[in-house]
Amino acid sequence: GNTHVFQYPEGIKDYIRKITANRPALMDDPFYIEKDDGKLRLETAFLWSPATDTVIHSYANSIKTTDGGTHETGFRNGITRALRAYIERRNLLPKGIPGVTSDDVKEGLVAVINVYLSGDVEFQGQTKGRLNSDITSQVESVVKHSLEHFLHDHQTLGDIIANRIILSAQARVASRLAKDAVHRKT
């Protein structure tokens, strides 16, 4: 029989390039964050595309967590808080847009999140589809600080991503206003 070797010399950086190969992206290279404090090793690569869907592949101790969990929640909270802070600091939010939501930030996002935990790892369900270990705040903190520093140091790219997210917020607000107008007429 045939042997297929799946090997990514640069790990999840190569993996995310493979899953985004036929998808336009807003950046040449994905963001990459790696942190290991002995108890938790976090590795994530992510980027934004002009598309409206969200693609997140998450893993805990090499097990695919199809239903997400605390590592995904922490990641989403971290990128949302970092981008909100960046947009605020750069005063990029247009009039009439009260703010950006985590859904605005997730739109067009492609991410691979990989965590390794030592000790007792809590999963939900027999298929281990969801990570329940209490790591949300640790992941959020690492992602938020790393992304904030990166955006601050690379403002051209930061503004491109911020404007992509603001576009999602504008579409959401316009959609709500249109819906309200229809409700008023009926």
Side-chain angles (χ1 to χ4, degrees), residues 10 12-35 42-58 68-115 135-184:
E10 282 195 60
I12 65 172
K13 281 190 260 185
D14 283 347
Y15 182 42
I16 199 163
R17 285 186 191 109
K18 180 188 182 299
I19 58 180
T20 58
N22 299 321
R23 172 189 289 254
L26 298 183
M27 54 226 295
D28 296 329
D29 289 309
F31 289 109
Y32 178 74
I33 299 169
E34 189 175 18
K35 177 91 164 110
L42 164 71
E43 189 185 20
T44 179
F46 55 100
L47 53 78
W48 277 269
S49 77
T52 54
D53 62 331
T54 303
V55 179
I56 296 178
H57 295 276
S58 66
T70 52
H71 54 331
E72 260 189 50
T73 302
F75 172 80
R76 282 197 314 267
N77 293 352
I79 60 171
T80 300
R81 288 181 60 204
L83 279 150
R84 269 190 194 139
Y86 180 81
I87 288 167
E88 224 167 81
R89 197 169 37 251
R90 303 268 296 140
N91 205 11
L92 298 172
L93 214 54
K95 281 189 176 22
I97 306 297
V100 295
T101 66
S102 62
D103 285 343
D104 299 330
V105 172
K106 269 184 1 196
E107 193 172 293
L109 175 72
V110 181
V112 178
I113 307 157
N114 202 3
V115 293
I135 58 165
T136 304
S137 59
Q138 292 156 277
V139 173
E140 179 179 328
S141 176
V142 170
V143 170
K144 177 183 178 281
H145 293 301
S146 302
L147 184 54
E148 268 182 350
H149 282 295
F150 183 91
L151 294 170
H152 183 72
D153 293 344
H154 302 87
Q155 288 189 346
T156 304
L157 181 56
D159 287 0
I160 289 169
I161 291 161
N163 287 322
R164 162 73 183 87
I165 289 159
I166 290 165
L167 189 67
S168 299
Q170 288 170 316
R172 175 178 48 80
V173 169
S175 170
R176 192 187 65 229
L177 291 172
K179 197 163 102 187
D180 291 351
V182 168
H183 284 302
R184 274 196 302 276

Are side-chain heavy atoms of [X] and [Y] found at a separation under 4.5 Å?
X: Ile161; Y: Met27; value: yes
X: Phe46; Y: Ile33; value: yes
X: Val112; Y: Ile19; value: yes
X: Asp180; Y: Arg184; value: yes
X: Ile113; Y: Leu42; value: yes
X: Val139; Y: Val143; value: yes

Straight-line distance of [X] [atom1] to [Y] [atom2], nearest 0.5 Å:
X: Ile135; Y: Phe75; atom1: CD1; atom2: CZ; result: 13.0 Å
X: Thr20; Y: Tyr15; atom1: OG1; atom2: OH; result: 11.0 Å
X: Arg17; Y: Leu47; atom1: CZ; atom2: CG; result: 9.5 Å
X: Leu151; Y: Leu157; atom1: CG; atom2: CG; result: 7.5 Å
X: Asn77; Y: Thr136; atom1: CG; atom2: OG1; result: 7.5 Å
X: His149; Y: His154; atom1: NE2; atom2: NE2; result: 13.0 Å

Q. Who passes side-chain contact (heavy atoms from CB on, under 4.5 Å) against Ile97, sequence neighbours left out?
A.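 Scan of Ile97 (side-chain contact (heavy atoms from CB on, under 4.5 Å), adjacent residues dropped) gives Leu93, Pro94, Ala169, Gln170, Val173.
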**Q.** Selection residues 94-111 - residue pairs positive for salt bridge (charged side-chain N to carboxylate O under 4.0 Å, His left out), sequence neighbours left out
**A.**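 Residue pairs passing salt bridge (charged side-chain N to carboxylate O under 4.0 Å, His left out), neighbours aside: Asp103-Lys106, Asp104-Arg172, Glu107-Arg164.
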Show which side-chain atoms of residues 81-88 pair as donor or acceptor with protein atoms under 3.5 Å away, not counting sequence neighbours.
| residue | atom | partner | partner atom | Å |
| --- | --- | --- | --- | --- |
| Arg81 | NH1 | Glu140 | OE2 | 2.4 |
| Arg84 | NE | Val100 | O | 2.9 |
| Arg84 | NH2 | Val100 | O | 3.2 |
| Tyr86 | OH | Arg90 | NE | 3.3 |
| Tyr86 | OH | Gln155 | O | 3.1 |
| Tyr86 | OH | Asp159 | N | 3.4 |
| Tyr86 | OH | Asp159 | OD1 | 2.6 |

Looking at every heavy atom in both [X] and [Y], which two are closest together, and how far apart are they?
X: Pro24; Y: Ser49; result: O-CB, 3.0 Å
X: Pro30; Y: Ile16; result: CG-CG2, 3.5 Å
X: Ser58; Y: Gly68; result: OG-CA, 4.1 Å

(Q) Can you tell me if Asp28 has over 12 outside heavy atoms packed within less than 6.0 Å of its CG? (A)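 Result for CG/Asp28: open.
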Q. Distance-only, no hydrogens or angles: does the Trp48 side chain make a donor-acceptor pair with backbone N or O of Ala162 under 3.5 Å?
A.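 Absent.
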Q. Leu109 and Ile79: side-chain contact (heavy atoms from CB on, under 4.5 Å), yes or no, with the steps?
A. CA-CA 10 Å; Leu109 175 72; Ile79 60 171; 3.7 Å; yes
Q. Looking just at side-chain N and O atoms, do Tyr32 and Glu43 make a donor-acceptor pair shorter than 3.5 Å?
A.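 Side chains of Tyr32 and Glu43: pair found under 3.5 Å.
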